[in-house]
**Q** 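Below are the structure tokens for one structure; questions will follow.
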There are 2 protein chains.
Amino acid sequence: MNYTTEHIARTLRKAREAKGLSQRELGRKAGVPQGHISKIENGAVDLRLSSLIALARALDLELALVPRKSLPAVKSLVRGSLAEVIGDARLTPRPLYSLDEEGDD
Amino acid sequence: MNYTTEHIARTLRKAREAKGLSQRELGRKAGVPQGHISKIENGAVDLRLSSLIALARALDLELALVPRKSLPAVKSLVRGSLAEVIGDARLTPRPLYSLDEEGDD
DNA sequence: GTATATTATATAGATTAACATATTAAGTCT
DNA sequence: AGACTTAATATGTTAATCTATATAATATAC
């Protein structure tokens, strides 16, 4: 639904592919069934925080709440440190996730 | 349940208080009923991503998935930029959120 | 002591995530 | 073609969020 949600879904998929994991393998590590991962990556569900954390953990990612005004700094920082996990910068104009003022649907 | 979830809950509460908002006011801005915010801040629910995003947005926070190894850099960065929102550094040993290997009870 | 404001709890109902499992589809390889 | 792997979908069931509303608890005023 949300642009945000979709972007997180894309980030998860990119991170999984970057690590060379199949949905089933990731599912085993994270304790989430493959079918559900598919739905998550396709933005078909509004997943719960515990699921997001489990997946992030299995992908060596951390969930962070950062002040919006310091987002740019975080973005450039992350982009520099490991473009592989986040994905190619050309493909992801907004590094990990960004939240527009409004008007997404 | 999770240490992680609890930490995010605490972060949300701190951010709300830092902005001088009541649960009801935040609820109006985020479209989440006050009662539910209470439960979220107390870690009584495994909230959905859409709820987390709605609250973060109303608090001028952004949700980010950062590589674990670049977390320290992000932490110090955020800590420096606005200690008010995150809270007093002395009170929050781990800036915003951190995910231990395991062993949370 | 009586208002007022904020937060914590409670109940009931609607929606849906999450699970297990299976199957389909699509790609790769020998 | 057949065997294999991966991903997308489907069904049915369970468990939980989420909403609305109301109330209790707690503090802070007047």
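Note: hydrogens, waters and symmetry copies are ignored here, and every other heavy atom, side chains too, is used. Below, chain A is the first sequence line, B the second, and so on; all start at residue 1.
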**Q** If you check the His36(B) side chain, which of dT16(C), dT7(C), dT19(D) turns out closest?
**A**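 Side chain of His36(B) sits closest to dT19(D).
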**Q** Any side-chain N or O of Arg16(A) below 4.0 angstrom from OP1/OP2 of dA7(D)?
**A** yes
**Q** Answer whether the closest heavy-atom distance between the side chains of His7(B) and Arg10(B) falls below 4.5 Å.
**A**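 Yes; the side chains approach each other to less than 4.5 Å.
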**Q** Mind checking if Leu47(B) touches a base, just sugar-phosphate, or nothing, with heavy atoms under 4.0 Å?
**A** sugar-phosphate
**Q** Answer with base, sugar-phosphate or nothing: what part of the nucleic acid does Gly27(A) contact at a heavy-atom distance below 4.0 Å?
**A** nothing
**Q** Test Lys69(A) against Asp60(B) for salt bridge (charged side-chain N to carboxylate O under 4.0 Å, His left out), laying out the working first.
**A** CA-CA 8 Å; Lys69(A) 62 180 182 179; Asp60(B) 294 314; over 6 Å; no
**Q** If each of Asn42(B) and Ser51(A) is mapped to the nucleotide of DNA chain C with the nearest heavy atom, which maps nearer the 5' terminus, i.e. the 5' end?
**A**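 Nearer the 5' end of the strand: Asn42(B).
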**Q** Rounding to an integer number of Å, can you tell me how far Leu21(A) CG sits from dA7(D) C1'?
**A**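 Nearest whole value for this atom pair: 15 Å.
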**Q** Using whole Å, report how far CZ of Arg24(A) lies from P of dA20(C).
**A** 13 Å
**Q** Identify whether any heavy atom of Ser38(A) sits under 4.0 Å from a base atom; if not, whether one sits that close to sugar-phosphate; answer base, sugar-phosphate or nothing.
**A** base
**Q** Identify which nucleotide among dT7(C), dT19(D), dC19(C) has an atom closest to any side-chain atom of Lys39(A), counting heavy atoms from C-beta outward.
**A**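 Out of dT7(C), dT19(D), dC19(C), the nucleotide with an atom closest to Lys39(A)'s side chain is dC19(C).
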**Q** Let me see the working for Arg16(A) and Glu41(A) under salt bridge (charged side-chain N to carboxylate O under 4.0 Å, His left out), right down to the final yes or no.
**A** CA-CA 10 Å; Arg16(A) 176 179 62 81; Glu41(A) 290 187 349; 2.7 Å; yes
**Q** Distance check needed: dT17(D) C1' versus Asp46(B) CG, whole Å only.
**A**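 Taking CG of Asp46(B) and C1' of dT17(D), I get 9 Å after rounding.
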**Q** Check the distance between dA18(C)'s C1' and Leu55(A)'s CG and give it to me in whole angstrom.
**A** 12 Å
**Q** Figure out the CZ/C1' separation between Arg28(B) and dA20(D), and round it to whole Å.
**A**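 Atom CZ in Arg28(B) sits about 17 Å away from atom C1' in dA20(D).
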**Q** Report yes if some heavy atom in the side chain of Ser38(B) is under 4.5 Å from a heavy atom in the side chain of Gln23(B); otherwise report no.
**A** yes
**Q** Using the closest heavy atom to pick a nucleotide of DNA chain D for each, name whichever of Gly35(A) or Glu25(A) lands nearer the 5' end.
**A** Glu25(A)
**Q** Is the closest side-chain heavy-atom distance between Leu61(A) and Val66(B) below 4.5 Å?
**A**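 Side-chain contact under 4.5 Å: no.
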**Q** I need the CD-C1' distance between Gln34(B) and dT7(C), as an integer number of Å.
**A**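 So the CD-C1' distance, Gln34(B) to dT7(C), works out to 6 Å.
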**Q** Write down the distance between CD (Gln23(B)) and P (dT26(D)), rounded to a whole number of angstrom.
**A**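 Interatomic distance, CD of Gln23(B) to P of dT26(D): 16 Å.
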**Q** Roughly how many Å is it from CZ in Arg48(B) to C1' in dA15(D), rounded to a whole number?
**A** 11 Å
**Q** Think Arg13(A) has a side-chain N or O under 4.0 angstrom from the OP1 or OP2 of dT6(D)?
**A** no
